[in-house]
Amino acid sequence: MFSFIVVVFFLFLVLGPAVIITISQTIKSGRTNGIMTACGIALGDSIHVLFAVLGLSTILLRSFL
């Protein structure tokens, strides 16, 4: 689990679209808007992971029945 956390932490440091939009919103509109942008991205990522897990669970459940 520790190695997973380390890898995820370093992946957050890689400049990607989410990081670039968060930085640009922070520079353009201030810290509060940057934090809200980061929270929106995190929420969207969480929903995406939830749906992926539910879909994978459904596929695995149907393959055993």
Side-chain angles (χ1 to χ4, degrees):
M1 186 66 170
F2 177 73
S3 60
F4 174 75
I5 292 170
V6 170
V7 169
V8 168
F9 176 75
F10 283 113
L11 286 175
F12 280 126
L13 297 178
V14 175
L15 282 180
V19 175
I20 292 171
I21 195 168
T22 303
I23 291 171
S24 67
Q25 289 297 315
T26 303
I27 291 171
K28 184 171 73 170
S29 302
R31 182 188 300 176
T32 303
N33 197 16
I35 291 171
M36 294 304 290
T37 301
C39 289
I41 291 170
L43 178 64
D45 288 344
S46 299
I47 291 170
H48 182 258
V49 168
L50 175 67
F51 286 155
V53 168
L54 291 175
L56 183 60
S57 298
T58 303
I59 290 170
L60 289 174
L61 181 63
R62 289 186 183 263
S63 69
F64 288 116
L65 291 179

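These numbers were taken from a predicted model, which means no experiment stands behind them.
Qualifying side chain to side chain contact (heavy atoms under 4.5 Å, CB included) partners for Val53, counting only residues two or more places apart in sequence or in other chains: Val49, Ser57. Taking Ser29 as the reference, Asn33 meet the side-chain hydrogen bond (donor to acceptor under 3.5 Å, both in side chains) condition, with sequence neighbours excluded. Listed by chain and number, the residues in a side chain to side chain contact (heavy atoms under 4.5 Å, CB included) with Leu15 are Val19, Ile23 (sequence neighbours excluded). Residues passing the side chain to side chain contact (heavy atoms under 4.5 Å, CB included) test with Leu56 are Leu60, sequence neighbours excluded. In this view, Phe10 and Val6, Leu13 satisfy the side chain to side chain contact (heavy atoms under 4.5 Å, CB included) rule, not counting sequence neighbours.
Clustering of Ile, Leu, Val, Met, Phe, Trp and Tyr side chains at separations under 4.5 Å places Ile41 together with Ile21.
For the pair Ala38 and Thr22, the tightest heavy-atom approach, listed with the atom from each and the gap, is CB-CG2, 4.1 Å.
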